[in-house]
Amino acid sequence: MPVHNAEIADLFERLGNLLELEGANPFRVRAYRAAARTVRGYPESMADLVGSGADLHQLPNIGGDLAGKIQTVVETGRLPLLEEIESRVPGQLSDLMAVEGLGPKRVRTLYDELHIRSVEDLRRAATSGRIRALPGFGEKTEQKIIAGLDNLSVRKGRTPLPEAEETARSLVAWLEACKGVREVTVAGSFRRRKDTVGDLDMLVVAGKRSGVMDRLRSFDEVREVVSAGEKRATVLLRSGMQVDLRVVAGVSKGAALLYFTGSKPHNIAIRRLAVDRKWKLNEYGLFRGKRRIAGRTEKEVYGRLGMAWVPPELREDRGEVEAAKRRRLPKLVRLEHIRGDLHCHTSATDGRLSIEKMARAAAKMGYRYLSINDHTRHVTVAGGLDADKLLRQIEAIDRLNERVDGITILKSSEVDILEDGSLDLPDDVLRHLDFTVCAVHYGFGLSREKQTERILRAMDNPCFNILAHPTGRLIRERAPYAVDLPRLMEGARERGCVMEVNAHPARLDLNDEGCRMARDAGVRVVISTDAHSDSDLRYLRFGVDQARRGWMTAEDVLNTRGVRALKQALRRS
DNA sequence: GCCGTTTTCGGCCCGACTGTTTTCAGTCG
């Protein structure tokens, strides 16, 4: 079983934690964490890279030493340095650092003085009042540790973006109604439009003594105030989501927005640019000595640093800093560019509405076309269509096109890709469609090699046009199936096939990294909702978010084109 | 441990809040 990137990243994080506990050079600790971040987010598996003899040293934050360690982990499944350190200090100490308020120093003290080595040990010591007596600790710290242990189970992982939007909307409205508050913006990964959001980062522009901190405390959903000062506060909501609020004056708004939007690696990269000029960038502005030379808007700050304004979706330190310096940032696709949706279901299978109702809903949204993509026979749970039923649906669409004005209904299908790589309906049936959207719906457990071969074989069929939800992941429910995505991209490019960016909030598949990979490989995409009712058509914007995060322009997205150009672009040569 | 139009050494982003302290260390974002 090949080692997964996440496992390597976990080992590096663990090692970083333990080194920090031992009082190692903080920059060395940081290097392990940076490497963990790189490995975790890298779109290709380290195991494959090592297998193909790639030069890991080329990856950001990976030098000669860590390249060697990655290779060792891939080949042996072990990290000798970690084992060596764990022989001196128990490995579980790394877990204790996840408790709020506990960092390396305190965990070290707890271990040295009270031999606390696990979460269970910690709770026993805290509830029996033994922690308050330690030097540097006290009664309040002890109480905080107990609360932190409770929150360990309350705090959820990351929240899907649409759910975070609900919370954000009501919280913004609540804060905006506060006297003295001039502006409320949600920053952080929310503003960067990541598919899931960790904490909600709220930036408030307000005068002194606005009372916004009290306003935040009195928000109905607040479960606990973690900390609250004059300028920043942290609260935990009942949902388990954490909110960080920051108050700034108008003169600092741009700098604060920049700082609070992140990402952290992006911030570090641009602060470094400031340092290069002997300036200083913080959340209050860009400073030359004590003089503020920029800060009111983001554009001003970027401009002073010699960069174009960077769209938040790109702020991940994945080449955007360099591109902004050279004024080479892509002109990202926008929702207004989209002219139609190319994946929806009707009541013929598992959708809720008729073809006509879906088409009229799409027309009302200003779309020029909508394609109908009901399942095929193998997907029995959805009542998939057989050849006869699909042919009858095609005729029905022809008739509807004659009487429904303002929109073209495109004839398509979500064709199941069978385990041997064949398509679920015969070619002479599929040829009656305007194009096909093909997908894997079972056999997720195939080996990476077999899954990749299966899909590539399906692409060999000239009737294959678009690969729907290419990795099959369901956010927080199902991991992507094992597949060689770079090879699929290459295969799609060679054959003139297209990738779907499935905009359904549970999927977002391709994700941002997948979009970037498609763009770099020269593969076009379509952004579609997989709608099962009219309201689902509104999901399209979430797909646009991920495409933007993947650096995509309107040119890269085929359903920004008119119907004729779309059909032309989908045609396989 | 990484990184490099001030390259192979000497840097490495910067500030707020809390609690325990009596001037600041630890933690966090």
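Letters go in sequence order (proteins before strands), and every chain restarts at 1.
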Roughly how many Å is it from [atom1] in [X] to [atom2] in [N], rounded to a whole number?
X         : N       : atom1 : atom2 : value
Leu305(A) : dC13(B) : CG    : C1'   : 13 Å
Asp244(A) : dT27(B) : CG    : C1'   : 13 Å
Tyr259(A) : dA16(B) : OH    : C1'   : 8 Å
Lys278(A) : dC14(B) : NZ    : P     : 12 Å
Glu322(A) : dG4(B)  : CD    : C1'   : 13 Å
Arg33(A)  : dC2(B)  : CZ    : P     : 16 Å
Leu273(A) : dG11(B) : CG    : C1'   : 16 Å
Arg30(A)  : dC2(B)  : CZ    : P     : 14 Å

For the [atom1] atoms, the ones on [N] and on [M], what distance do you get once it is rounded to whole angstrom?
N       : M       : atom1 : answer
dA16(B) : dT20(B) : P     : 22 Å
dC2(B)  : dT8(B)  : C1'   : 12 Å
dC14(B) : dC9(B)  : P     : 25 Å
dT7(B)  : dC12(B) : P     : 15 Å
dC13(B) : dG29(B) : C1'   : 12 Å

Base dG29(B) to side chain Asp199(A), donor-acceptor N/O within 3.5 Å cut-off: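 Checked by distance alone, the answer is no.
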Taking the side chain of [X] as heavy atoms from C-beta outward, which of [options] is closest to it?
X         : options                   : value
Glu230(A) : dC12(B), dC17(B), dC13(B) : dC17(B)
Val275(A) : dT27(B), dT18(B), dC14(B) : dC14(B)
Lys231(A) : dC17(B), dG26(B), dC2(B)  : dC17(B)
Arg272(A) : dA16(B), dG1(B), dC12(B)  : dC12(B)

Whichever of Lys105(A) and Gly136(A) has its nearest DNA chain B nucleotide further upstream toward 5':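 Upstream on the strand: Gly136(A).
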Which residue lies more 5' along DNA chain B, comparing Lys264(A) with Asn61(A) via nearest heavy atoms: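 Looking at the nearest nucleotide for each, Asn61(A) comes out on the 5' side.
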Syn/anti label of dT21(B) as read from its glycosidic torsion, with the cut at 90° from 0: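 With its glycosidic angle more than 90° from zero, dT21(B) counts as anti.
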Taking only N and O in the side chain of [X], is any of them less than 4.0 Å away from OP1 or OP2 of [N]?
X         : N       : result
Lys280(A) : dG15(B) : yes
Arg271(A) : dC14(B) : no
Tyr284(A) : dC13(B) : no
Asn282(A) : dG15(B) : yes
Thr141(A) : dT20(B) : yes
Arg232(A) : dA16(B) : no
Gln242(A) : dG29(B) : yes

Glu513(A) bridged to Arg318(A) by N-O distance under 4.0 Å: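 Salt bridge: yes.
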Pair Ile145(A)-Phe137(A), side-chain contact (heavy atoms from CB on, under 4.5 Å): steps then yes or no: CA-CA 10 Å; Ile145(A) 288 173; Phe137(A) 290 73; 4.3 Å; yes
Would you tell me whether [X] and [Y] have side-chain atoms, one donor and one acceptor, within less than 3.5 Å of each other?
X         : Y         : answer
Asp112(A) : Thr109(A) : no
Arg33(A)  : Asn17(A)  : yes
Ser45(A)  : Asn5(A)   : no

What nucleic acid atoms does [X] come within less than 4.0 Å of, heavy atoms only: base, sugar-phosphate, or nothing?
X         : value
Glu139(A) : sugar-phosphate
Ile270(A) : nothing
Pro26(A)  : nothing
Ala233(A) : nothing
Val247(A) : nothing
Gly262(A) : nothing

Under 3.5 Å donor-acceptor, Ser252(A) side chain and Ala255(A) backbone: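 No: the side chain of Ser252(A) does not pair with the backbone of Ala255(A).
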Pairing partner of dG1(B) (Watson-Crick or G-U wobble, both distances under 3.5 Å): dC12(B)
For Asp545(A), the option from Arg191(A), Arg192(A), Arg193(A) that meets salt bridge (Lys or Arg N to Asp or Glu O under 4.0 Å): Arg193(A)
Any Arg507(A) side-chain heavy atom under 4.5 Å of Tyr539(A) side chain: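 SC-SC contact between Arg507(A) and Tyr539(A) ruled out.
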